[in-house]
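Each remark here refers to the structure printed beneath this line.
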Amino acid sequence: MESSITRKNRALFSFLACLVLTICELSRGILHAAKSGRVLPRLTLMLPLQFGGYQLLQSFAKSRNVWHDVSIVLLVGNFAMNALGYSIVVLLYRYSVQTIFNRQIPRMEWRESSLRPQPHPAIKSFNTHLLLLRPLEVFFRFMTVRFRVLPDIIVLGETRCGTTTLCSHLSSLSKAGETPTGIKCYTPFCPWVHPELDNKESFYFVGHYLGIVDPYFYRMAFPLKITRWWEEKIMGNIFFCFDGCAQYLTSPTAAYLIANAYQNYENGDPPVLVACVRDPVEQAISWWKFENDAMRWGSSMGLKSWNTALRSKNYPPQTIVEALQFSNSEFVRNAYLEAEQLAQSIIPTSNRGTKCNIDVPLKLGVIRLPQWALTWPAGQLSTIGRSGRFDSNIQRYNRIFSSVFGNIHAENADKTKSFVHVVPLDIQTNGVLLKDPLHRILSDMVMRRAYRYKQCIPTLISIIDRAIDCLCDFNKHGAVRRNSSSTLEITTSEPNARDVKTLQDYFCSKYVGVGTLTKN
């Protein structure tokens with residue numbers, strides 16, 4: 001009897017100790033995130049100060065006054081924002097761990113042998129998300145979506161093909177060579193505070209916002225309409241904004257969603273689409289290494305168990321050849337096919353000028369995709385071999401956009417036969433070679449948006465050409481490529497000569513050369 005009571009007391013003590021340690025770790029995470037500039041943790045730290053100020057006013061004020069009322073309003077408002085913000089963080093955390101990191105949320109083991117004082121195993125990964133996420137900003141942007149614009153240019157990808165570099169070039173056009181150019185480029189909102197992602201990609205149509213992919217809400221990631229009006233009508237600048245999400249090109253659902261977002265937007269013209277390409281073998285190896293680094297990062301946060309119920313028992317593959325086989329497995333093929341069919345049923349394509357009626361069950365009136373279909377069906381490594389099929393991925397966009405927008409591409413400045421501009425990785429660090437694709441992309445954008453500007457089209461084109469010349473001359477010696485891959489810690493996962501040969505043989509019959517793509 002005494003031993004039973006002793007065990008219960010020990011278990012209760014361990015539980016209380018774990019609770020205290022978890023609260024301490026959470027407090028450290030909040031403090032660290034507040035020091036790093038996150039809004040929600042800073043509001044959390046303000047709560048005790050506001051409460052102390054309210055108590056002082058109650059103690060020293062002889063009667064209720066305006067300051068007393070103001071302190072109550074501020075305190076209640078801050079408490080409400082904290083409740084809202086942490087609710088969103090918890091939801092985003094759960095979704096991110098299960099769908100983006102493809103893991104299970106860590107759980108505390110309550111076996112008697114493991115009852116030792118330690119923080120909850122999920123607190124480390126939660127603190128990391130608290131440091132990286134912008135929950136209140138996400139809520140504000142969704143609430144103000146009707147006052148925002150859609151991007152003029154969308155860089156579709158591909159992953160590891162220079163999308164970060166190209167987006168950096170686009171954003172640099174506003175002040176190429178430290179000289180104002182008459183062009184104002186606005187970057188997209190990103191839910192993640194990360195140096196390689198921020199001001200580059202919205203992650204909207206790959207479902208990072210709890211799986212919400214409703215075309216109407218896509219504009220939440222972009223500037224206010226009044227910002228565009230100010231830049232174009234008052235300042236006389238050429239305004240444009242872009243999205244550079246590298247996952248869109250291979251996604252089986254993104255093309256349908258993007259097309260629908262623009263079908264009834266303003267003048268009904270599509271955005272300028274851009275695809276970055278490179279040698280598919282190099283792309284596959286680079287993506288394999290990048291994802292292995294990402295998986296190692298997830299493990300360092302304490303995310304140990306894989307979400308096999310969502311991604312299958314074969315995920316993640318242990319070698320790049322296994323990843324290639326997994327990508328071509330019946331399970332993955334069916335997942336991609338079902339995801340595309342789901343997008344078609346939600347967003348039917350129709351001829352230009354015809355509104356699309358959505359007649360499917362919607363949760364809370366907002367279109368969401370199931371977790372299995374995001375961010376890619378069957379996980380990030382299911383794209384090994386798929387993401388290198390640039391021609392088929394680009395043709396999918398051309399086919400879908402042709403069915404929605406007709407032959408609008410025939411009106412483009414360069415009379416191309418494709419909705420998608422192709423930019424090889426090799427020319428992105430060469431200022432001389434970079435001029436032509438930038439000219440085609442921006443000229444196409446101006447031609448489609450000419451109705452917004454005061455200036456005539458030749459004047460707009462000359463402004464663009466001057467900005468491109470300044471940018472390319474400034475970078476004529478080449479720029480440093482970002483997001484370089486590193487050698488894997490597990491040597492057996494490092495691609496060897498036999499793996500490279502397998503990839504070369506695989507792409508030999510499926511790959512259309514970069515030179516062929518750029519001529520289309």
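When a residue number appears, it is its place in the shown sequence, counting from 1. Note: hydrogens, waters and symmetry copies are ignored here, and every other heavy atom, side chains too, is used.
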Subject >> Aromatic ring pairing Phe242/Phe240, orientation class (parallel under 30°, perpendicular over 60°, tilted between) >> reply: tilted
Subject >> Test: Asp469 and Arg466 ion pair at under 4.0 Å >> reply: no
Original post:
Can you tell if the side chain of Leu438 reaches within under 4.5 Å of the side chain of Leu170, non-hydrogen atoms only?
Top reply: yes
Original post:
Any luck finding a side-chain donor-acceptor pair between His208 and Thr375 under 3.5 Å?
Top reply: no
**OP:** Dump the intermediate steps for side chain to side chain contact (heavy atoms under 4.5 Å, CB included) on Gln247 and Phe205, then the final yes or no.
**Re:** CA-CA 9 Å; Gln247 301 181 29; Phe205 285 125; over 6 Å; no
Subject >> More than 12 heavy atoms from other groups under 6.0 Å of CH2 on Trp230 >> reply: no
Subject >> Side chain to side chain, Ser443 and His439, heavy atoms closer than 4.5 Å >> reply: yes
Original post:
Do Ile464 and Leu173 have side-chain heavy atoms sitting under 4.5 Å apart?
Top reply: no
**OP:** Go through the side-chain N and O atoms of Arg148 and Thr144 and say whether any donor and acceptor fall under 3.5 Å apart.
**Re:** yes
Original post:
Counting only N and O atoms by type, is there a donor-acceptor contact under 3.5 Å from the side chain of Asp279 to the main-chain atoms of Val281?
Top reply: yes
Subject >> Side-chain donor or acceptor of Trp376 paired with backbone N/O of Leu381 under 3.5 Å >> reply: no
Subject >> Main-chain N/O of Pro223 paired with Thr227 side-chain donor or acceptor, under 3.5 Å >> reply: no
Subject >> Residues Tyr256, Glu340; criterion side-chain hydrogen bond (donor to acceptor under 3.5 Å, both in side chains); working and verdict >> reply: CA-CA 9 Å; Tyr256 297 95; Glu340 184 168 3; 2.8 Å; yes
**OP:** Would you confirm whether Arg103, through its side chain, and Leu303, through its main-chain N or O, come within 3.5 Å as a donor-acceptor pair?
**Re:** yes
Original post:
How long is the span from the OG atom in Ser251 to the CZ atom in Arg386, to the nearest 0.5 Å?
Top reply: 12.0 Å
**OP:** Would you mind reporting whether Ser36 and Leu131 have side-chain heavy atoms less than 4.5 Å apart?
**Re:** yes
Subject >> Main-chain N/O of Arg389 paired to Ser392 side chain as donor or acceptor, under 3.5 Å >> reply: yes
Subject >> Pair Arg278 + Asp426: basic N to acidic O under 4.0 Å >> reply: no
Subject >> Check: Arg452 main-chain N/O paired with Lys233 side-chain donor or acceptor under 3.5 Å >> reply: yes
Subject >> Test side-chain hydrogen bond (donor to acceptor under 3.5 Å, both in side chains) applied to Tyr336 and Ser382, step by step >> reply: CA-CA 10 Å; Tyr336 272 75; Ser382 70; 3.1 Å; yes
Original post:
Could you go step by step and tell me if Gln371 and Thr99 meet the side-chain hydrogen bond (donor to acceptor under 3.5 Å, both in side chains) rule?
Top reply: CA-CA 6 Å; Gln371 286 182 287; Thr99 308; 2.7 Å; yes
Original post:
Going by atom types only, do Tyr397 and Ser418 share a side-chain donor-acceptor pair under 3.5 Å?
Top reply: no
Subject >> Test side chain to side chain contact (heavy atoms under 4.5 Å, CB included) applied to Phe222 and Phe189, step by step >> reply: CA-CA 6 Å; Phe222 305 100; Phe189 169 80; over 6 Å; no
Original post:
Judged by atom type as modelled, is there a donor-acceptor pair below 3.5 Å linking the side chain of Thr163 to the main-chain atoms of Thr159?
Top reply: no
Subject >> Chi angles and distances behind the side chain to side chain contact (heavy atoms under 4.5 Å, CB included) call for Met220, Tyr209 >> reply: CA-CA 11 Å; Met220 58 79 60; Tyr209 303 87; 3.8 Å; yes
Original post:
Ile384 pairs by side chain to side chain contact (heavy atoms under 4.5 Å, CB included) with which of Val321, Ile320, Asn328?
Top reply: Ile320
Subject >> Check against side chain to side chain contact (heavy atoms under 4.5 Å, CB included), Ile238 and Ile463 >> reply: CA-CA 9 Å; Ile238 297 177; Ile463 293 173; 3.9 Å; yes
**OP:** Could you pull out the closest heavy-atom pair between Tyr262 and Pro151, with the gap in Å?
**Re:** OH-O, 2.5 Å
Subject >> Short side-chain donor-acceptor distance under 3.5 Å, Tyr218 and Asp243 >> reply: yes
**OP:** Examine distances only and state if a side-chain atom of Arg228 and a backbone atom of Phe239 form a donor-acceptor pair shorter than 3.5 Å.
**Re:** no
Original post:
Is it the case that His421 and Asp444 place a side-chain donor and acceptor less than 3.5 Å from each other?
Top reply: yes
**OP:** Run the salt-bridge test on Lys289 and Glu494 with the 4.0 Å N-O cut-off and return the result as yes or no.
**Re:** yes
Subject >> Check: Pro41 and Leu31 side chains under 4.5 Å, non-hydrogen atoms >> reply: no
Original post:
Between Arg440 and Asp436, is the closest basic N to carboxylate O distance under 4.0 Å?
Top reply: yes
**OP:** Please confirm whether the backbone N or O of Asp214 pairs with a side-chain atom of Tyr204, one donor and one acceptor, at under 3.5 Å?
**Re:** yes
**OP:** For Thr164 and Lys200, test the side chains for any donor-to-acceptor distance below 3.5 angstrom and give the result as yes or no.
**Re:** yes
Original post:
Under 3.5 Å, side chain of Arg38 to main-chain N/O of Arg134, donor-acceptor pair present?
Top reply: no
Original post:
How about Leu337: does its CG atom have over 12 heavy atoms from other parts shown lying under 6.0 Å from it?
Top reply: yes
Original post:
Side chains of Val420 and Val274: does their closest heavy-atom pair fall under 4.5 Å?
Top reply: no
**OP:** Output, in order, the C-alpha distance, side-chain angles, deciding distance and verdict of ring-ring contact (aromatic ring centres under 6.0 Å, His included) for Tyr95 and His129.
**Re:** CA-CA 11 Å; Tyr95 185 86; His129 281 73; over 10 Å; no
Subject >> Gln283-Ser387 side chain donor-acceptor pair, cut-off 3.5 Å >> reply: yes
Original post:
Between atom CD1 of Ile394 and atom CG of Asp391, what is the distance when rounded to the nearest 0.5 Å?
Top reply: 7.0 Å
Original post:
Taking the six-membered ring for Trp, are Tyr93 and Phe126 parallel (under 30°), tilted (30 to 60°) or perpendicular (over 60°)?
Top reply: perpendicular
Original post:
Under 3.5 Å, is there a donor-acceptor pair between the Tyr453 and Thr459 side chains?
Top reply: no
